[in-house]
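All remarks here apply to the structure that follows.
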Amino acid sequence: MITPIDILTSDLLRYPLIIAVLIGLTAPVVGTYLVQKQLSLLGDGLGHVALTGVAVGWLVGAWISATPADLLAIPGALAASVIGALLIEYVREVSHTSRDVALAILFYGGIAGGVVIIQLAGGTSQNLMGYLFGSLSTVTAPDAVISFVLAAVVLVIGVGLSGLLSAVTADEEFARASGLPVRVVNILVAVMAALTVTLSMRIVGALMVSALMIVPVAAAQHFVVGFTRTMRTAMVIAVLCALGGLLITVYVDLPPGGVIVLLTIAVYALGLVYRALRPARELPTVGGPGPFRSSTMPAPARATPHH
């Protein structure tokens with residue numbers, strides 16, 4: 001029987017727990033902005049692109065005879081997801097392609113590139129399974145260090161610049177008219193999503209990381225109102241679900257990513273019940289340009305041009 005002491009002292013379990021906490025803290029921060037931008041599927045698109053990065057890292061590792069073979073997989077995923085995040089903004093602005101089309105290109109191109117390149121590297125699609133769905137056995141001390149650095153960057157940007165980021169993501173047209181750096185903010189949000197995808201691949205998996213960005217935010221909206229309160233509540237939900245899911249898989253042979261996501265969905269379902277049972281007069285109505293503004297709050301006054 002595995003005891004709590006065993007969990008804390010075992011390298012096999014300690015590092016995944018550290019990464020799980022970091023994922024729980026960062027994913028909802030990014031997800032809060034993605035929900036406001038109505039871009040909830042960006043994490044999915046970047047997750048697919050990250051698979052191409054994993055395969056490229058594997059291929060480069062094979063060329064230089066790296067040990068283990070996937071030594072450069074995570075750095076490759078980081079590079080590919082950041083490039084993908086920048087490309088989606090570039091394609092959307094320059095070619096006037098809609099976000100849906102740009103995301104579809106990321107979806108299909110990412111998964112196809114990953115499967116083809118991993119074959120060129122001498123591996124098979126089975127080598128991608130741990131990155132697709134998450135795996136405890138693949139987590140190492142260097143992964144924990146990389147995850148800590150990525151989480152620190154995301155939290156510094158996402159929390160430190162929350163005022164600017166929320167203003168732009170809530171109403172992009174008004175922000176542009178007000179002289180705010182809309183393009184820079186869009187790039188920052190996309191890059192934060194890319195870093196979070198890379199951070200989460202080992203535990204949650206590339207195919208499920210978007211759920212950990214979005215579902216805790218959606219669940220938090222059933223309990224609280226307001227941008228900051230929603231973000232903080234979503235962070236608490238995500239940390240608890242990430243740790244809870246990971247601990248469950250310690251005792252039951254289940255994929256950690258799937259268990260973590262199912263726990264977040266369970267919290268969302270509880271939120272639905274809570275909202276249904278709460279008296280209607282106590283329920284704030286969400287409206288306005290962003291999903292976190294109460295209808296009782298006045299919308300921001302728009303500047304009227306003077307002639």
Looking at every non-hydrogen atom in both residues, tell me the closest pair between [X] and [Y] and how far apart they are.
| X | Y | answer |
| --- | --- | --- |
| V30 | V154 | CG2-CG1, 3.7 Å |
| L34 | I214 | CB-CD1, 4.2 Å |
| P28 | A238 | CG-CB, 3.3 Å |
| A50 | M201 | CB-SD, 3.7 Å |
| L199 | L22 | CD2-O, 4.1 Å |
| V267 | C241 | CG2-SG, 3.8 Å |

Side chains of residues 72-87: which donor-acceptor pairs under 3.5 Å do they make with residues two or more places apart or in other chains?
from : atom 1 : to   : atom 2 : distance (Å)
S81  : OG     : A77  : O      : 2.8
S81  : OG     : L78  : O      : 3.1
S81  : OG     : A194 : O      : 3.4
S81  : OG     : T198 : OG1    : 3.1

Please confirm whether the backbone N or O of [Y] pairs with a side-chain atom of [X], one donor and one acceptor, at under 3.5 Å?
| X | Y | result |
| --- | --- | --- |
| T169 | L165 | yes |
| T233 | T230 | no |
| T52 | G114 | yes |

Any side-chain heavy-atom pair from [X] and [Y] closer than 4.5 angstrom?
| X | Y | value |
| --- | --- | --- |
| W58 | W63 | no |
| E172 | N186 | yes |
| L17 | L247 | yes |
| L263 | I248 | yes |

To the nearest 0.5 angstrom, please state how far the [atom1] atom of [X] sits from the [atom2] atom of [Y].
| X | Y | atom1 | atom2 | value |
| --- | --- | --- | --- | --- |
| Y108 | H48 | OH | NE2 | 9.0 Å |
| I203 | I23 | CD1 | CD1 | 5.5 Å |
| M192 | I187 | CE | CD1 | 12.5 Å |
| F148 | I18 | CZ | CD1 | 9.5 Å |

Should S147 and Y15 be marked as a side-chain contact (heavy atoms from CB on, under 4.5 Å) after you check the CA-CA gap, both sets of side-chain angles, and the distance that decides it?
-> CA-CA 10 Å; S147 298; Y15 297 133; over 6 Å; no
So the salt bridge (Lys or Arg N to Asp or Glu O under 4.0 Å) pairs with at least one residue in residues 179-199 (sequence neighbours excluded) are E93-R183
Is the distance between the ring centroids of Y274 and Y268 under 6.0 Å?
-> no
Identify which one of M231, R232, M213 satisfies the side chain to side chain contact (heavy atoms under 4.5 Å, CB included) criterion when paired with T32.
-> M231
From the list V185, L164, D171, side chain to side chain contact (heavy atoms under 4.5 Å, CB included) partner of L180 resolves to L164
In the hydrophobic clustering (ILVMFWY, side-chain contacts below 4.5 Å, transitive), which residues join L270, or is it alone?
-> none
